[in-house]
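Report on the following structure.
Proteins come first, then strands; the chains are lettered A, B, ... in the order of their sequence lines, and each starts at number 1. FYI, side chains are in, hydrogens and waters are out, and symmetry mates aren't considered; it's all heavy atoms of this structure.
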Number of protein chains: 2
Amino acid sequence: MSAVLPAAPAHPFAAELRGATLRLARRLRLEKADDELSDGQTSVLAYLERRGAQSPAALSAFEHVSPPSMNRTLNALQEAGYVDRTPSSDDRRMVSVSLTDAGRAVVQETRRRRDAWLEQRLDELSADERHALTEAATIIRKLLEA
Amino acid sequence: MSAVLPAAPAHPFAAELRGATLRLARRLRLEKADDELSDGQTSVLAYLERRGAQSPAALSAFEHVSPPSMNRTLNALQEAGYVDRTPSSDDRRMVSVSLTDAGRAVVQETRRRRDAWLEQRLDELSADERHALTEAATIIRKLLEA
DNA sequence: TATTGTTATACTCTATAACTATA
DNA sequence: TATAGTTATAGAGTATAACAATA
């Protein structure tokens with residue numbers, strides 16, 4: 001009885017969740033510490049802060065971007081003083097990209113601004129509504145890991 | 001006692017909500033009906049479907065993009081057969097941008113794919129968790145309107 | 001003269017293909 | 001010969017400035 005592509009949506013509210021998520025994300029992305037940074041550059045810095053030093057190949061895979069495009073992004077970030085490139089001593093073909101102190105600072109400031117914007121909106125909600133969003137954040141994280 | 005910029009976050013879970021939202025949105029944006037369409041083009045089509053015909057100026061404002069950039073986006077969408085441009089008969093400087101049937105179809109197919117992806121993830125959750133996300137979607141919409 | 005939209009031009013971001021260095 | 005990274009080159013997307021048409 002199961003179908004790979006059901007004719008009717010199993011969870012009609014998925015459309016509501018999709019719309020709300022895309023619009024909130026769109027609004028959040030407007031808040032950043034350095035307006036000169038592109039979305040791609042901002043995202044790479046955030047990923048490095050979250051996961052630690054990475055190879056250019058790992059970054060291009062995560063960002064769904066070609067290796068040459070990531071290379072250009074890394075050139076810009078290095079030029080701006082936000083990342084360092086360190087060749088591996090084991091295998092000299094490999095490079096490790098890591099955040100500088102300035103890079104870490106810009107990531108943290110961007111997060112601070114986004115959170116500040118969000119907290120102002122949360123202030124206008126009831127305690128129950130805030131509680132519901134807290135739970136939702138946890139569930140969404142679980143959903144993404146599945 | 002109130003401060004415009006509080007020293008400590010009033011709602012520490014804002015960071016969780018921010019992270020979950022940005023990552024879910026990132027994943028959702030990968031699903032689209034026409035891989036040739038850029039994110040900006042996809043977003044313009046969705047906006048036209050949601051709000052009806054709009055002027056180029058209104059679209060560039062909503063997309064936070066310059067009028068010439070929007071003009072180029074509209075050229076591409078018109079070339080692809082997804083939008084029409086109709087001059088106003090009242091004020092001949094003004095243009096109305098509207099979806100063609102093909103444009104409407106590609107918006108709906110993109111939404112269908114995103115919802116299908118999301119519904120598969122929702123299937124792996126409990127009924128309580130799905131209920132929590134339903135409520136969250138409503139609250140987020142309210143939050144964005146504030 | 002002001003406004004709406006478009007064209008001119010230049011710069012950034014992206015991609016594919018080719019190249020370098022190392023293994 | 002294969003792999004990680006980079007460079008070469010070209011195609012979109014974006015911006016500011018200038019222009020055209022209309023009011």
Study note, to complete from the structure: Rounded to whole Å, the CG-C1' distance (A/Leu77 to C/dC13) equals 13 Å

Review point. How long is the line joining CZ of A/Arg72 and P of D/dG11, in whole Å?
Key: 15 Å

**Study point:** 5′-ward residue of the pair A/Asp91/B/Met70 relative to DNA chain D
**Key:** A/Asp91

Options [options], nucleotide nearest the side-chain atoms of [X]:
X: A/Ser66; options: C/dT16, C/dT6, D/dA15; answer: C/dT16
X: A/Val95; options: C/dA17, D/dG5, D/dA2; answer: D/dG5
X: A/Arg93; options: D/dT6, C/dT7, D/dT3; answer: D/dT3
X: A/Met94; options: D/dA4, C/dC13, D/dG13; answer: D/dA4

Study note, to complete from the structure: Scanning both residues in full, the closest heavy-atom pair of B/Ala53 with B/Ser98 reads CB-CB, 4.0 Å

Check your understanding: Considering all heavy atoms of both residues, which atom of A/Met70 and which atom of A/Ser60 are nearest to each other, and what is their separation?
Key -> CB-CB, 3.7 Å

Exercise for review: Can you establish whether the number of heavy atoms outside A/Arg85 located under 6.0 Å from its atom CZ is more than 12?
Suggested key: yes

Check your understanding: Contact class for B/Arg92 vs. all strands (heavy atom < 4.0 Å): base, sugar-phosphate, or nothing?
Key -> sugar-phosphate

Check your understanding: In residues 27-57 of chain B, which ones come under 4.0 Å of DNA chain D, going by heavy atoms?
Key -> B/Ser38, B/Gln41

Taking 4.0 Å as the cut-off, does a side-chain nitrogen or oxygen of [X] come that near to OP1 or OP2 on [N]?
X: B/Ser88; N: D/dT22; result: no
X: B/Asn71; N: C/dT6; result: yes
X: B/Ser60; N: D/dT14; result: no
X: A/Ser69; N: C/dA15; result: yes

Looking at [X] and [Y], would you say the former's side chain and the latter's main chain have a donor-acceptor pair under 3.5 Å?
X: B/Glu16; Y: B/Phe13; value: no
X: A/Arg111; Y: A/Val107; value: no
X: B/Thr73; Y: B/Gln41; value: no

Practice item. May I ask you to decide whether A/Arg141 forms a salt bridge with A/Glu145, counting only side-chain N to carboxylate O separations under 4.0 Å? Key: no

Point to revise | Presence of salt bridge, A/Arg130 and A/Glu119, under 4.0 angstrom | key: no

Check your understanding: What distance do B/Leu59 atom CG and B/Leu77 atom CG have between them, rounded to the nearest 0.5 Å?
Key -> 9.5 Å

Study note, to complete from the structure: Between A/Ser89 and A/His64, whichever has its closest DNA chain C nucleotide further toward 5' is A/His64

Review point. In degrees, rounded to 10°, what is the bend between the two ends of the helix from C/dT1-D/dA23 to C/dA23-D/dT1, using five pairs at each?
Key: 20°

